[in-house]
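Shown next, in C-alpha cells, is the structure this report addresses.
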Amino acid sequence: MDRKKLLIWELTGVFVIFIIGSLLHFVFEWSGYWQPVALIGAVNESTWEHLKVAFWPTLAFALVEYYSFGAKAPNFWLAKTVNLYLQPAVIIALFYGYKALLGHHLLWLDILIFFVAILAGQYLSYLILKRPHYTFTNQLAIPFLGLAMLMFTLFTFFPPRFFLFQDPQTGLYGLLNKKK
C-alpha cells in the first residue's frame with residue numbers, strides 16, 4: 001500500500017476512534033447498566049475506564065484495517081499493539097501532568113487529551129507500518145495485544161485498588177457504584 005493511502009487510513013481512524021470512543025463513554029448507562037456492555041463501555045469516571053473507551057474502538061478499527069490491507073503489511077500487529085499501548089500512556093501523562101499543575105481537571109482539556117492520544121497512536125502506527133519488517137518485535141506484538149485485551153476485560157470487573165481505577169466522584173472501584 002502506498003504511503004498516502006496508508007496515511008489516509010490512519011487519519012480516518014483518528015476520527016472514527018474518537019467518535020466511537022466518545023459514545024462508549026455513555027453506552028453502559030444508556031444500556032441500563034447491562035453487564036455485557038461493561039466490557040467496552042465506561043462503567044465509571046476512573047482514568048482506567050477512559051483508557052478503555054480508547055482501547056476497544058482502536059482495536060476494532062485495527063481489525064477493519066487488517067481485513068482491508070493489514071494482512072499484507074508485515075508490521076501490522078506491531079504497529080497496532082504499539083498504538084494501543086501508546087494511547088493510555090499519553091492520556092495518563094497529559095491528564096495527571098496538567099492536573100498536577102492546575103490542581104483540578106477541565107472537561108474540554110480531557111476531551112482534547114483523548115483526541116491527542118488517539119492521533120499520536122495512529123500516527124505512530126503509520127510510522128511503523130511504512131518501515132521494514134521487524135521479525136522479533138512483530139512476534140512479540142500478539143502476546144502483548146492479548147495481555148492488553150485481558151487487562152481491559154478483567155479490570156472492568158475486578159479492578160485493583162489503585163488510583164487509576166478509582167472513580168473520583170464516588171471513591172469506589174469498578175461496577176460497585178452502578179445501579180443493577
Side-chain angles (χ1 to χ4, degrees), residues 13-14 16-63 77-122 124-125 137 140-180:
V14 171
V16 170
I17 294 162
F18 180 77
I19 291 166
I20 293 171
S22 297
L23 293 173
L24 288 178
H25 186 276
F26 305 101
V27 74
F28 183 61
E29 184 179 349
W30 293 342
S31 76
Y33 305 103
W34 189 43
Q35 297 287 317
V37 176
L39 288 171
I40 60 168
V43 301
N44 63 41
E45 291 298 322
S46 70
T47 303
W48 181 259
E49 294 298 312
H50 288 87
L51 303 178
K52 185 171 77 175
V53 298
F55 180 84
W56 292 114
T58 301
L59 181 59
F61 191 78
L63 291 173
W77 288 114
L78 172 64
K80 297 306 163 183
T81 301
V82 169
N83 178 352
L84 288 162
Y85 275 82
L86 178 66
Q87 287 178 4
V90 169
I91 290 170
I92 290 168
L94 293 179
F95 175 73
Y96 287 104
Y98 95 77
K99 195 173 165 194
L101 290 173
L102 298 180
H104 62 281
H105 85 95
L106 300 168
L107 180 59
W108 68 267
L109 196 47
D110 296 345
I111 294 167
L112 179 61
I113 288 170
F114 186 67
F115 184 83
V116 166
I118 294 166
L119 179 64
Q122 290 295 107
L124 185 56
S125 175
T137 52
L140 286 176
I142 298 297
F144 275 93
L145 178 59
L147 176 63
M149 292 169 63
L150 181 65
M151 289 182 345
F152 278 107
T153 300
L154 287 178
F155 292 163
T156 292
F157 297 101
F158 308 103
R161 298 303 188 248
F162 185 67
F163 75 97
L164 288 176
F165 301 89
Q166 187 175 31
D167 183 331
Q169 295 176 348
T170 65
L172 299 174
Y173 297 84
L175 294 166
L176 300 174
N177 59 343
K178 295 299 174 195
K179 297 175 187 173
K180 294 184 181 182

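Source: prediction; values computed, not measured.
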Exercise for the section: Please confirm whether Y173 and F165 have ring centers closer than 6.0 angstrom. Expected result: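 No.
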Practice task
Can you establish whether the number of heavy atoms outside F163 located under 6.0 Å from its atom CZ is more than 12?
Solution key: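 Yes.
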Problem - Over 12 non-hydrogen atoms of neighbours within 6.0 angstrom of CH2 in W34 - result: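 Open: at most 12 neighbouring heavy atoms sit under 6.0 Å from CH2 of W34.
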Are side-chain heavy atoms of [X] and [Y] found at a separation under 4.5 Å?
X: Y98; Y: H105; result: yes
X: V27; Y: L23; result: no
X: Q166; Y: E45; result: no
X: F114; Y: I118; result: yes
X: V116; Y: I91; result: no
X: I17; Y: F115; result: no

[X] side, atom [atom1]; [Y] side, atom [atom2] - distance, nearest 0.5 Å:
X: L24; Y: W56; atom1: CG; atom2: CH2; result: 11.0 Å
X: L124; Y: L86; atom1: CG; atom2: CG; result: 5.5 Å
X: K99; Y: I113; atom1: NZ; atom2: CD1; result: 11.0 Å
X: F144; Y: T81; atom1: CZ; atom2: OG1; result: 9.5 Å
X: L147; Y: L84; atom1: CG; atom2: CG; result: 12.0 Å
X: L59; Y: L145; atom1: CG; atom2: CG; result: 6.0 Å

So which atom in [X] and which in [Y] form the shortest heavy-atom distance, rounded to 0.1 Å?
X: A120; Y: V90; result: CB-CG2, 4.4 Å
X: S125; Y: K80; result: OG-NZ, 2.8 Å
X: N44; Y: H50; result: O-CE1, 4.4 Å

Handout entry: With Q87 via side-chain hydrogen bond (donor to acceptor under 3.5 Å, both in side chains) - residues at least two apart
Key =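 T58, N83.
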Problem - Which residues share a side-chain hydrogen bond (donor to acceptor under 3.5 Å, both in side chains) with Y85, sequence neighbours left out - result: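 For Y85, no residue satisfies side-chain hydrogen bond (donor to acceptor under 3.5 Å, both in side chains) once neighbours in sequence are set aside.
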List the atom pairs, with distances to 0.1 Å, where a side-chain N or O of residues 148-156 and a protein N or O form a donor-acceptor pair under 3.5 Å, not counting sequence neighbours.
unit_1: T153; atom_1: OG1; unit_2: M149; atom_2: O; d: 2.9
unit_1: T156; atom_1: OG1; unit_2: K52; atom_2: NZ; d: 2.9
unit_1: T156; atom_1: OG1; unit_2: F152; atom_2: O; d: 2.9

Practice task
Go through the steps to decide whether V14 and F61 satisfy the test side chain to side chain contact (heavy atoms under 4.5 Å, CB included), and finish with yes or no.
Solution key: CA-CA 10 Å; V14 171; F61 191 78; over 6 Å; no
Handout entry: Geometric class of the F28/Y33 ring pair [parallel <30°, tilted 30-60°, perpendicular >60°]
Key =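 Geometry flag for F28 against Y33: perpendicular rings.
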Exercise for the section: Applying side chain to side chain contact (heavy atoms under 4.5 Å, CB included), run through V37 and W30 and close with a yes or a no. Expected result: CA-CA 10 Å; V37 176; W30 293 342; over 6 Å; no
